[in-house]
K.L.:
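Sharing a structure, written as structure tokens. Questions coming.
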Amino acid sequence: MKNPCYINGIGAVNAQGIWNDDPFAHITEISNPLTMAMQPSYKELIPPAMIRRMSKGIKMGIFASQQALDEAAMDQVDAIITGTGLGCLEDSEKFLKNVLDNDEQFLTPTSFIQSTHNTVGAQIALRLGCKSYNFTYVNGATSFESALLDALMQIESKEANQVLVGGIDEIAGRTFALKQLVHEVKADGAVEKLKDSQSPGVNFGEGGTFFALNTEKRENTYAQILEVSILNKLATEEVVDFVTSFLTRNQLTLADVSAVVIGNNGDLKYDIYYTTFCTLFANQPQIFYKHLVGQSDVASAFGLAAAAFVLKKQIIPKTIQWNAIKLSELKYVLIYNQYLGKDHSLTLLRHVET
Amino acid sequence: MEELKEELKGKIIEVLNLEDISVADIDDSDALFGDGLGLDSIDALELIVLLDKEYGIKLSDPKQGKSIFESVNTMADYIAKNRTK
Amino acid sequence: MQNGVAITGMGIVSAIGNTVAENLNSLRNAQNGITQVDNFDTSLRDKVLVGEIKLSNDQMIEKLQLPVDNSMTRTGLLGALAAKQAIVSAQIDMVSNNYRTGLVSSTSVGGMDITEKYFYAYENNPELHRYIASHDAGVSSQHIADYIGLKGFVTTISTACSSAANAIMLGAQLIKSGRLDRVIVGGTDALSKFTLNGFNTLMILSDTYCRPFDQNRKGLNLGEAAAYLILESDEIVLKENKKVLAYLSGYGNANDAFHQTASSENGEGAYLAMKKAFNLAGLSPRDIDYVNAHGTATPNNDLSEGHALIRVFGEQVPAFSSTKAYTGHTLAAAAGIEAVYSILALQNDVIFPNLNFETPMGEFQLLPQTRLLHQSVNHVLSNSFGFGGNCSTLIFSKA
């Protein structure tokens with residue numbers, strides 16, 4: 001018998017600020033090509049001796065992970081698993097620029113040390129004094145889902161009872177200037193909300209989203225994670241089969257799904273994947289979220305947070321409704337994400353009676 | 001010498017991002033590592049680069065830093081004796 | 001999975017050979033692959049030695065028969081060479097879609113070799129734009145998947161120098177959980193100015209041949225490499241009558257939670273990782289015939305790992321060596337190539353020497369194996385530790 005995997009706590013830092021009791025009530029839809037996270041104060045959480053070296057990615061990761069642990073009333077975990085598409089980009093760029101600009105002279109170690117992709121997971125472990133399993137995934141838009149699948153396997157196999165899992169990505173100057181050069185990110189000066197997108201590319205954001213997972217449910221449990229599936233590429237005409245075979249493997253039909261969470265980001269070329277996906281769920285509520293946090297390799301972690309919130313509260317806030325359909329009872333929520341037609345993932349959640 | 005010590009304190013604060021500390025907070029004889037300022041081995045590597053970049057002093061073995069970086073006093077002494085710029 | 005997860009294929013490129021056979025030959029004959037940096041310009045050329053693969057990107061592109069407008073970086077190219085060998089050695093037909101197949105790769109630098117070359121050049125060179133997306137670590141895995149014709153589960157792990165060990169671990173978990181039937185697992189990392197200078201700032205690069213576990217060790221030689229194993233479920237092995245090279249019988253990951261880069265003096269993380277691996281394998285320390293140590297030859301690692309070995313094995317530490325004096329420290333790929341060496345030790349009943357060792361360390365009585373040793377080898381333990389206190393242990397057992 002597999003152990004169940006419950007979401008007992010959530011933490012986040014992103015363009016909307018930090019995770020709270022009503023995270024979708026007072027929102028500002030983003031419309032800039034690059035939207036930074038609204039940073040909270042870190043002084044109460046991180047001692048000055050540590051904070052002085054930390055880039056914003058590390059700080060966001062520490063903040064969001066602690067928020068998740070606090071909500072779940074967990075102080076130790078059996079695994080820390082993170083996902084990040086681009087890693088600690090600020091420090092990587094800083095060190096690379098120093099190498100190139102100073103002709104390999106007078107280089108200092110701090111930014112190099114912190115450029116390592118597993119820095120956030122390692123810093124969380126260091127902070128918690130946590131000597132257990134510590135993995136980091138770096139696989140584009142499935143970086144977070146890879147971490148989540150690992151977490152699920154750790155819990156199912158009884159290797160771990162309490163797991164901290166999260167995704168972090170930060171925006172840094174040069175890398176994103178290059179992304180704009182190839183029209184992956186909208187050009188400077190563009191002001192387009194997700195639903196009004198007309199120019200090539202998407203609006204990017206940054207942030208960290210963490211989940212405290214547990215084999216035991218509590219009064220404030222959000223939802224149960226049932227399964228995660230990852231596929232590196234998929235043609236649009238294969239989307240239907242990807243979804244139906246996933247549901248079949250989980251002994252569900254399309255009609256069993258109460259609502260879906262979609263990763264639309266305003267990309268004129270690739271949002272067709274979501275349109276195709278949504279044709280399967282024309283009679284169910286559809287939920288979107290990237291208009292709040294922007295695109296990033298780990299934005300879908302916030303999609304999971306939205307799904308978990310909706311399942312717990314049994315309401316879909318107006319600010320994240322994609323279509324007009326409402327359902328009274330939400331049992332299963334299915335999350336679909338892809339980026340540039342690659343790195344597809346499906347995540348299935350179930351409502352938990354507490 | 002006093003001038004060098006003041007300059008050194010400013011530079012230490014700058015390269016190590018000691019945000020909450022000012023030049024006046026550091027005593028010439030304060031221990032930089034351990035109980036004093038609480039610096040660590042990564043800071044020691046940063047200070048080695050500081051010696052090289054600002055004063056033209058090259059240390060090849062990080063262990064040499066241990067006695068040099070005891071305090072602002074010992075650092076200033078070493079720099080005064082060995083600087084090439 | 002009584003004996004663990006079956007390994008049915010392997011492939012490798014390293015500074016001591018571009019095939020498994022070439023690597024074995026170099027290991028047997030104590031031929032290291034350590035030289036000056038030849039493939040790119042660096043002001044460190046006269047100051048450090050590296051384990052470099054003497055193939056240019058263009059030569060690899062030719063070997064792989066890639067189109068001229070491909071966007072692969074060195075990390076992906078090395079990975080594709082090694083992954084292809086692994087598939088051939090396991091006699092897998094990637095076209096037929098009979099089994100759920102995945103790729104778990106790992107890298108620390110991703111496309112850095114290209115990024116550092118063209119970082120400021122993209123605006124004026126539209127023909128280079130295809131490389132911009134290749135910087136991303138995960139893209140190297142996608143390129144490898146595309147090259148070998150894999151459509152399915154693909155992911156990438158990056159936990160610094162333990163990355164490939166963790167990729168191997170995840171692959172095993174995916175098979176055990178019933179999610180996949182077959183997983184290609186390993187790692188790839190190319191040398192770059194970025195990593196070379198990064199390690200140089202830590203003052204842990206040796207200006208001469210590295211000397212693991214020697215009292216006078218001065219630091220590590222960096223290297224580049226790629227290696228992949230094919231893990232297959234018992235069902236495939238049975239149904240297809242597959243030849244099993246060895247079994248992955250145990251694995252464990254733990255965190256030292258001590259310091260961002262340095263290991264704790266008593267090797268707590270390493271100790272915990274080894275303990276976990278023994279528990280899973282159902283083996284005890286005296287079952288191990290050979291330890292392929294992490295042994296980077298930095299003052300800190302070898303001291304910490306030595307203490308951890310003594311804590312686990314007591315006075316009876318089995319024959320052990322670090323093969324990094326042959327290949328250099330190949331970062332994310334290290335546990336991959338050392339997995340291949342561990343399997344070669346099992347297949348050939350041989351223990352590879354720890355080159356360049358002269359003087360025992362003062363802190364303990366640990367003497368690495370310094371000559372090629374022929375003896376029965378049934379279980380091999382391989383350690384890999386990375387920045388951020390990431391400690392991993394794999395145990396391989398004879399088929």
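Here the structure is a predicted model, which means the values were calculated and not measured. We name chains A, B, ... by the order of the sequence lines, and we start the count at 1 in each one.
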K.L.:
Before you tell me yes or no, could you show the steps for A:Tyr336 and A:His344 under side-chain hydrogen bond (donor to acceptor under 3.5 Å, both in side chains), namely the whole-Å CA-CA distance, both residues' side-chain angles and the distance that decides it to 0.1 Å?
P.N.:
CA-CA 7 Å; A:Tyr336 172 48; A:His344 303 259; 2.9 Å; yes
K.L.:
Is C:Phe40 close to C:Lys193 at the side-chain level, that is, under 4.5 Å between some pair of heavy atoms?
P.N.:
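C:Lys193 vs C:Phe40: side chains touch.
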K.L.:
Does any heavy atom of chain C fall under 4.5 Å from the side chain of A:Val138, the backbone, both, or neither of them?
P.N.:
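It is both, since atoms from each part get that close.
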K.L.:
Using the rule given for side-chain contact (heavy atoms from CB on, under 4.5 Å), can you reason through C:Arg182 versus C:Ser233, listing the C-alpha separation, both sets of side-chain angles and the distance that settles it, and then say yes or no?
P.N.:
CA-CA 6 Å; C:Arg182 171 195 291 145; C:Ser233 68; over 6 Å; no
K.L.:
So does C:Arg179 pair up with A:Glu227, basic N to acidic O under 4.0 Å?
P.N.:
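A:Glu227 and C:Arg179: salt-bridged.
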K.L.:
Under 4.5 Å between any side-chain heavy atoms of A:Ile168 and A:Ile58, yes or no?
P.N.:
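No, their side chains stay 4.5 Å or more apart.
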K.L.:
Given a strict heavy-atom distance threshold of 4.5 Å, which part of A:Asp78 is in contact with chain C: side chain, backbone, both, or neither?
P.N.:
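Neither part, no heavy atoms under 4.5 Å.
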K.L.:
Less than 4.5 Å to any heavy atom of chain C: does that hold for the side chain of A:Glu184, its backbone, both, or neither?
P.N.:
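Contact with chain C is absent: no heavy atom of A:Glu184 under 4.5 Å.
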K.L.:
Between C:Leu103, C:Asp146, C:Thr155, which residue shows the highest count of heavy-atom pairs closer than 4.5 Å to chain A?
P.N.:
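Sorted descending by pairs with chain A, the first entry is C:Thr155.
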K.L.:
Give the ring-plane orientation class for A:Phe204 versus A:Tyr339, where under 30° counts as parallel, over 60° as perpendicular and anything between as tilted.
P.N.:
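Rings of A:Phe204 and A:Tyr339: perpendicular, as their planes differ by over 60°.
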K.L.:
Go through the atoms of A:Thr136 and report whether side chain, backbone, both or neither lie under 4.5 Å from a heavy atom of chain C.
P.N.:
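Contact with chain C involves both backbone and side-chain atoms of A:Thr136.
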K.L.:
Between A:Thr82, A:Asp343, A:Ile80, A:Leu178, who has the most heavy-atom pairs with chain C when the cutoff is under 4.5 Å?
P.N.:
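So the answer, after comparing A:Thr82, A:Asp343, A:Ile80, A:Leu178, is A:Leu178.
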K.L.:
At a heavy-atom separation under 4.5 Å, does C:Leu44 approach chain A through its side chain, its backbone, both, or neither?
P.N.:
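Backbone plus side chain of C:Leu44, per the 4.5 Å heavy-atom cut-off to chain A.
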K.L.:
Determine the option with the most heavy-atom pairs under 4.5 angstrom with chain A, choosing from C:Gln142, C:His259, C:Lys276.
P.N.:
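Heavy-atom pairs under 4.5 Å are most numerous for C:Gln142.
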K.L.:
Any idea which of C:Gly102, C:Pro126, C:Gly198 has the most non-hydrogen atom pairs under 4.5 angstrom with chain A?
P.N.:
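Going by pairs under 4.5 Å, I would pick C:Gly198.
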K.L.:
Just so I understand: if I count every heavy-atom pair under 4.5 Å between each of A:Lys2, A:Lys342, A:Lys97 and chain C, which residue has the most?
P.N.:
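The residue among A:Lys2, A:Lys342, A:Lys97 with the greatest pair count is A:Lys97.
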K.L.:
Select, from A:Asn98, A:Leu128, A:Leu107, the one with the greatest count of heavy-atom pairs under 4.5 Å involving chain C.
P.N.:
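The candidate making the most pairs under 4.5 Å is A:Leu107.
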K.L.:
Return the CD1 to OG1 distance between C:Ile114 and C:Thr73, rounded to the nearest 0.5 Å.
P.N.:
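One gets 6.5 Å once the value is rounded to the nearest 0.5 Å.
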K.L.:
Is C:Glu123 close to chain A through its backbone or its side chain, or both, or neither, when contacts mean heavy atoms under 4.5 Å?
P.N.:
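Both parts, heavy atoms under 4.5 Å.
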K.L.:
Using non-hydrogen atoms only, which part of C:Asp41 is less than 4.5 Å away from chain A: side chain, backbone, both, or neither?
P.N.:
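Contact with chain A involves the backbone of C:Asp41 alone.
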K.L.:
With respect to chain A, which residue among C:Asp256, C:Thr107, C:Leu174, C:Leu280 yields the maximal number of heavy-atom pairs within a distance under 4.5 Å?
P.N.:
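Among C:Asp256, C:Thr107, C:Leu174, C:Leu280, the one with the most close pairs to chain A is C:Leu174.
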K.L.:
With only heavy atoms counted, which part of A:Leu86 is less than 4.5 Å from chain C, the side chain, the backbone, both or neither?
P.N.:
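It is the side chain, since no backbone atom gets that close.
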K.L.:
Let me confirm one number: the CG-OH distance from A:Asp150 to A:Tyr137, rounded to the nearest 0.5 Å.
P.N.:
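The CG atom of A:Asp150 sits 3.0 Å away from the OH atom of A:Tyr137.
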K.L.:
Identify the two heavy atoms, one from C:Thr101 and one from C:Ile184, that lie closest to each other, and give their separation to 0.1 Å.
P.N.:
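Looking at all heavy atoms of both residues, the shortest contact is CG2-CD1, 4.3 Å.
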K.L.:
Examine distances only and state if a side-chain atom of A:Thr215 and a backbone atom of A:Asn3 form a donor-acceptor pair shorter than 3.5 Å.
P.N.:
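No, because the side chain of A:Thr215 does not come within donor-acceptor range (under 3.5 Å) of the backbone of A:Asn3.
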K.L.:
Where on A:Leu152 is there a heavy atom nearer than 4.5 Å to chain C: the side chain, the backbone, both, or neither?
P.N.:
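The answer is the side chain of A:Leu152.
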K.L.:
Give, as side chain, backbone, both or neither, the part of C:Ala145 having an atom under 4.5 angstrom from any heavy atom of chain A.
P.N.:
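For C:Ala145, side-chain heavy atoms alone lie under 4.5 Å from chain A.
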K.L.:
Using a strict 4.0 Å threshold on nitrogen-to-oxygen distance, state whether C:Asp181 and C:Arg100 make a salt bridge.
P.N.:
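Looking at C:Asp181 and C:Arg100, the cut-off is met.
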K.L.:
Out of A:Leu100, A:Thr142, A:Leu149, A:Asn118, which one racks up the most heavy-atom pairs below 4.5 Å with chain C?
P.N.:
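Top count of heavy-atom pairs under 4.5 Å with chain C: A:Asn118.
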K.L.:
Step by step, would you call A:Gln114 with A:Glu90 a side-chain contact (heavy atoms from CB on, under 4.5 Å)?
P.N.:
CA-CA 9 Å; A:Gln114 300 196 150; A:Glu90 265 188 359; over 6 Å; no
K.L.:
For A:Ser115, is it the side chain, the backbone, both or neither that has a heavy atom under 4.5 Å from a heavy atom of chain C?
P.N.:
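Only the side chain of A:Ser115 comes within 4.5 Å of chain C.
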K.L.:
If we ignore angles and hydrogens, is there a donor and acceptor under 3.5 Å between the side chains of C:Gln173 and A:Glu159?
P.N.:
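Judged by distance alone, the side chains do not pair up.
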K.L.:
Does any heavy atom of chain C fall under 4.5 Å from the side chain of A:Glu238, the backbone, both, or neither of them?
P.N.:
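Answer is side chain: those atoms of A:Glu238 sit under 4.5 Å from chain C.
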K.L.:
Would a distance-only check, ignoring hydrogens and angles, find a side-chain to backbone donor-acceptor pair under 3.5 Å from A:Asp103 to A:Gln105?
P.N.:
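No, because the side chain of A:Asp103 does not come within donor-acceptor range (under 3.5 Å) of the backbone of A:Gln105.
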K.L.:
With a 4.5 Å cut-off on heavy-atom pairs, point out which of C:Met169, C:Lys151, C:His129 contacts chain A the most.
P.N.:
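The candidate making the most pairs under 4.5 Å is C:Lys151.
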K.L.:
Does any N or O in the side chain of C:Asn125 come within less than 3.5 Å of the main-chain N or O of C:Glu127, such that one atom is a donor and the other an acceptor?
P.N.:
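Judged by distance alone, no pair lies under 3.5 Å.
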K.L.:
Picking from A:Thr116, A:Leu231, A:Asn134, A:Asp297, which has the most non-hydrogen pairs under 4.5 angstrom with chain C?
P.N.:
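Most heavy-atom pairs under 4.5 Å with chain C: A:Asn134.
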K.L.:
Highest number of heavy-atom pairs under 4.5 Å with chain A: which of C:Ala167, C:Ala257, C:Gly152?
P.N.:
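Of the candidates given, the most pairs with chain A belong to C:Gly152.
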K.L.:
Out of C:Ser163, C:Ser108, C:Ser140, C:Ser158, which one pairs with C:Asp189 under the side chain to side chain donor-acceptor pair (under 3.5 Å) rule?
P.N.:
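It is C:Ser108, the one option of C:Ser163, C:Ser108, C:Ser140, C:Ser158 that forms the side chain to side chain donor-acceptor pair (under 3.5 Å) with C:Asp189.
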K.L.:
Please look at C:Thr159 and chain A and tell me whether the side chain, the backbone, both or neither of the residue comes under 4.5 angstrom of a heavy atom of that chain.
P.N.:
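For C:Thr159, the contact with chain A is made by backbone and side chain together.
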K.L.:
Side chain from CB out, backbone as N, CA, C, O: work out which of these in C:Thr261 comes under 4.5 Å of a heavy atom of chain A, or both, or neither.
P.N.:
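It is the side chain, since no backbone atom gets that close.
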K.L.:
Under 6.0 Å from the ring centre and within 45 degrees of the ring axis: does the NZ or CZ of A:Arg174 meet both conditions for the six-membered ring of C:Phe119?
P.N.:
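Yes, cation above the ring, under 6.0 Å and within 45°.
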K.L.:
Where on C:Met203 is there a heavy atom nearer than 4.5 Å to chain A: the side chain, the backbone, both, or neither?
P.N.:
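Contact with chain A involves no heavy atom of C:Met203 at all.
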K.L.:
Specify which of A:Ser146, A:Ser143, A:Ser132 makes the most heavy-atom pairs with chain C at under 4.5 Å.
P.N.:
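So the answer, after comparing A:Ser146, A:Ser143, A:Ser132, is A:Ser132.
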K.L.:
With a 4.5 angstrom heavy-atom cut-off, could you sort out which part of C:Ile157 is near chain A: side chain, backbone, both or neither?
P.N.:
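Both parts, backbone and side chain.
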K.L.:
Below 4.5 Å from any heavy atom of chain C, which atoms of A:Glu156 appear? Answer side chain, backbone, both or neither.
P.N.:
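Side chain of A:Glu156 only, per the 4.5 Å heavy-atom cut-off to chain C.
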K.L.:
So what's closer than 4.5 Å to chain A heavy atoms on C:Phe199: side chain, backbone, both or neither?
P.N.:
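Both parts, backbone and side chain.
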K.L.:
Is it the backbone or the side chain of C:Ser162 that comes under 4.5 Å from a heavy atom of chain A, or both, or neither?
P.N.:
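Answer is neither: C:Ser162 stays 4.5 Å or more from chain A.
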K.L.:
Hey, is the main chain of C:Leu150 close enough, under 3.5 Å, to the side chain of A:Asn232 for a donor-acceptor pair?
P.N.:
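Here the side-chain-to-backbone pair exists.
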